[in-house]
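Per chain, numbering begins at 1; letters A, B, ... match sequence-line order. Just the heavy atoms: all of them, side chains too, but no hydrogens, waters or symmetry mates, feed the values below.
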Amino acid sequence: MAGLERGAVYVPGFRRDGRAVGGPDEDAFTMAATALEGLATVSARLPPPISVHLVGTFPPVVEWGFAALLGHPVGVVPHPPGIAGLRETLAALSAAGASGPALLVAVDLPDRPEGGPSAVALRFGSTGGSAGIPPLSGQGVAGVVRDLLRGLPSSAVAESTTPVRLAPPAEARARAWVEAPLGGLSEGAYVPRARYLENLPSRWRLEGQRCGRCGSLTFPARNRCRSCGIEESLTVETLPRDGAWVVAVTTIGKGGQPTEFDAQVDALGEYSVVLAEFAPGVRLTLQVADAAPGEIGIDARIGTRLRRLYPMEGEWRYGRKAVPLPDSPVPSTGS
Amino acid sequence: MGTLGHRAAIVGAGHTRFGVLDAGPRTLLRNAVDGAFASVDRGAERRRVGEAFLATLGFGGWQIGNASAVLDEEAGLVGVPTTRVENACASGGFALRAGVRALEEGRTDLVLVAGVEKMTDLRAPRRRYWLGVSGDTEWERLAGLTFAGVYGLIASDYVHRYPSARDALAEVAVKNHENGSRNPNAHFQKRILREDVLRATRVADPLGLFDCCPVSDGAAALLLARADRAREFTDTPVYIDGLGAGSDRLAVQERPDLTRFTATQRAAEEAFRDAELARDRIHLLEVHDCFTIAELLALEDLGFVGPGGAVDLTLSGATRAGGRLPVNPDGGLKAKGHPIGATGVSQAYEIFLQLRAAAGGRQVPGAETALAHNVGGAGATATVTLFSRG
């Protein structure tokens, strides 16, 4: 039998009928990604799972998205949503217990209580030290998930939340953005799909490259040291997801956005963009999510979360956005 | 090469009105080139032009490739080897540089340098095409930035360091609009008040509408001659004495300091070394003020003041038309307009007028030397060119 090793939950910041739901730039994939990243915070080393079992309704991106997110090939096993899917998944994990580590990701738990998680990631291992699968007496998906999490020591469970401090955006307008046809047009330059995919190690996993000769860190990775120019002895180094500092911030007025963001601005209004410093000389430009325009100022600390960016070439493009951290200082000026 | 250290000479220059114009790119080019030939005091036969350079970013979909042939047709130069130069907003500066180099190589003794952009004939959403095609596409654009946004980030850092900079940004806009009011070719010929700048619609905080140059149509053209042949064409050539150029990383997120354009710094060092001229000998500047913040950065990167020094220099009035260092007497990109490929050529046109004391109501008295500074994107490419009236 597969042993349950770790768990992570994600509670998004919006409430509908009392239950936590994702914001307009979140979907099952981004919420699962946020929960999965929580698993890494309770384990410095997360050996590759061989399969990812999904309970819920996911966008098509998962076929390759979890592999890109985790940085290694995985088999993705879809299961029906609801308790039937969850029981099927647990049965499959038990049956395949000896074949290696696996992840269970459940989203949009239909019967979750108020304030309960929208996304849960559980890691199962096949070797010693595991807690086994505990007795499952709870009712429905949320109850079973709760039982699973209770079977773990609290140090093996990570919880990430989005602060509940934004009024939900006007539903109809936000839905118009989320449900718009995925054609996508850019009036001018844009990033073709192949270039988008090429950059995912840096864009999603925040991978840079440390030079073995001069020691400098190149981010985004370009398979060449930006200081000394060599292409050998580069080792992957991952930037911390949370804790970068804002060195510059601007709020884009209506009409000042690239056309890819027109529908978003129509639905949700103005947005801010920050330049965040992850390490000396290692900076990344990020759109701000989960905060009002101007709320994040220079010197604030930010986290990064995978979110929807915009639809293009028939699919949603995903990337990291900056989110406020709970202990981020209040900026002295609104800038 | 050259005469008395001069690299080359401008012997004729032409310029269209900048703004939202009915004329298409062919007409704009023809008018600017005709103006350049007509301005040559002793005349210049078109067949003497041995090479031509065209600065343009593009035509928004009309004639994206091979625009050189369009220039040749409109200039009456079919058959002449012509090269289109594209370094975004610095295309004009780099085309001028290429023209001087062609003369120095001895391939010809008369060169045409023209710049054009037709930007306003696109439907409304596509008009924003121009704003975000020359920056970093993969990272900065995907975060939701166009050029205004990138310069907004730069300005936020600058204002954070120098809190009175917000007033200096407004002063740049007020000054350049006032200068533009004296330039009949300018896109904007109306003065504005400080309050207009500070209350304007937000474009990319802290930059508002009046901190941004407009999207303009227009063309400019120069006839360059070998320095030792210049007086065959005119008694009052304007000489090019120093050439400098530089480049930087495309994405500002990959630069250690947002408030320094090292491409400008490098170009300035090269140009001043080339001309063996000190900065205090320069009488007027044409700098690349695509956004008000860019004029402040330029004054510092060109070496006229140290970091942060542009705030006090600007607020002191020194850069106004009657000040000790007039900057952008033609209104700059801010008020004159910014038809991308034409801009660097237009700067040299203004200097051609100023150093020949032909700038009319905006003449800088006694101007004998000048500097032109042309930037591509948010500082990824830059040229600095030094001029004298010989």
Give a yes or no on whether Arg266(B) atom CZ has more than 12 heavy-atom contacts from other residues, nucleotides or ligands under 6.0 Å away.
-> no
Turns out that what part of Arg249(B) lies under 4.5 Å from chain A's heavy atoms comes down to side chain
Are there residues of residues 142-150 of chain B that reach to under 4.5 Å of chain A by heavy atoms, and which ones?
-> Leu142(B), Ala143(B), Gly144(B), Leu145(B), Thr146(B), Gly149(B)
Would you check if the side chain of Thr137(B) reaches a backbone N or O of Val191(A) as a donor-acceptor pair within less than 3.5 Å?
-> no
Arg141(B) side-chain N/O to Pro258(A) backbone N/O, donor-acceptor pair under 3.5 Å | no
Measure the CG-CZ distance between Leu275(A) and Arg255(B) for me, rounded to the nearest 0.5 Å.
-> 11.0 Å
Using a cut-off of 6.0 Å, state whether more than 12 heavy atoms not belonging to Arg199(B) lie near its atom CZ.
-> no
Is it the backbone or the side chain of Glu270(A) that comes under 4.5 Å from a heavy atom of chain B, or both, or neither?
-> side chain
Contact summary for Thr285(A) and Leu153(B), nearest pair of heavy atoms = CG2-CD1, 4.2 Å
Atom group of Val247(A) that falls short of 4.5 Å from chain B, counting heavy atoms = backbone
Within 6.0 Å of CD in Glu198(A), more than 12 heavy atoms from elsewhere = yes
Does any heavy atom of chain A fall under 4.5 Å from the side chain of Arg123(B), the backbone, both, or neither of them?
-> side chain
For Arg283(A) and Pro256(B), work out which heavy atoms get closest and say how close.
-> NH2-O, 3.5 Å
Excluding sequence neighbours, so at least two apart, what forms salt bridge (Lys or Arg N to Asp or Glu O under 4.0 Å) with Asp266(A)?
-> none
Who passes side-chain hydrogen bond (donor to acceptor under 3.5 Å, both in side chains) against Glu138(B), sequence neighbours left out?
-> Asn199(A)
Do you know which of Lys321(A), Gln257(A), Glu277(A), Gln264(A) has the most heavy-atom pairs under 4.5 Å to chain B?
-> Gln257(A)
Pick whichever of Arg195(A), Arg203(A), Arg226(A) has the most heavy-atom pairs under 4.5 Å with chain B.
-> Arg203(A)
Heavy-atom pairs under 4.5 Å with chain B, option from Thr218(A), Val282(A), Ile252(A) with the top count | Ile252(A)
Heavy-atom pairs under 4.5 Å with chain B, option from Gly319(A), Ala322(A), Pro220(A) with the top count | Pro220(A)
Kindly check if the number of other-residue, nucleotide or ligand heavy atoms within 6.0 Å of CZ (Arg222(A)) is above 12?
-> yes
For Glu237(A), check side chain to side chain contact (heavy atoms under 4.5 Å, CB included) against everything at least two apart and list the hits.
-> Arg210(A), Leu217(A)
Under 4.5 Å from any heavy atom of chain B - which part of Tyr190(A) = backbone
Between Arg317(A), Glu260(A), Lys254(A), which shows the greatest number of heavy-atom pairs under 4.5 Å with chain B?
-> Glu260(A)
One option among Val274(A), Asp262(A), Leu286(A) has the most heavy-atom pairs under 4.5 Å with chain B, and it is Asp262(A)
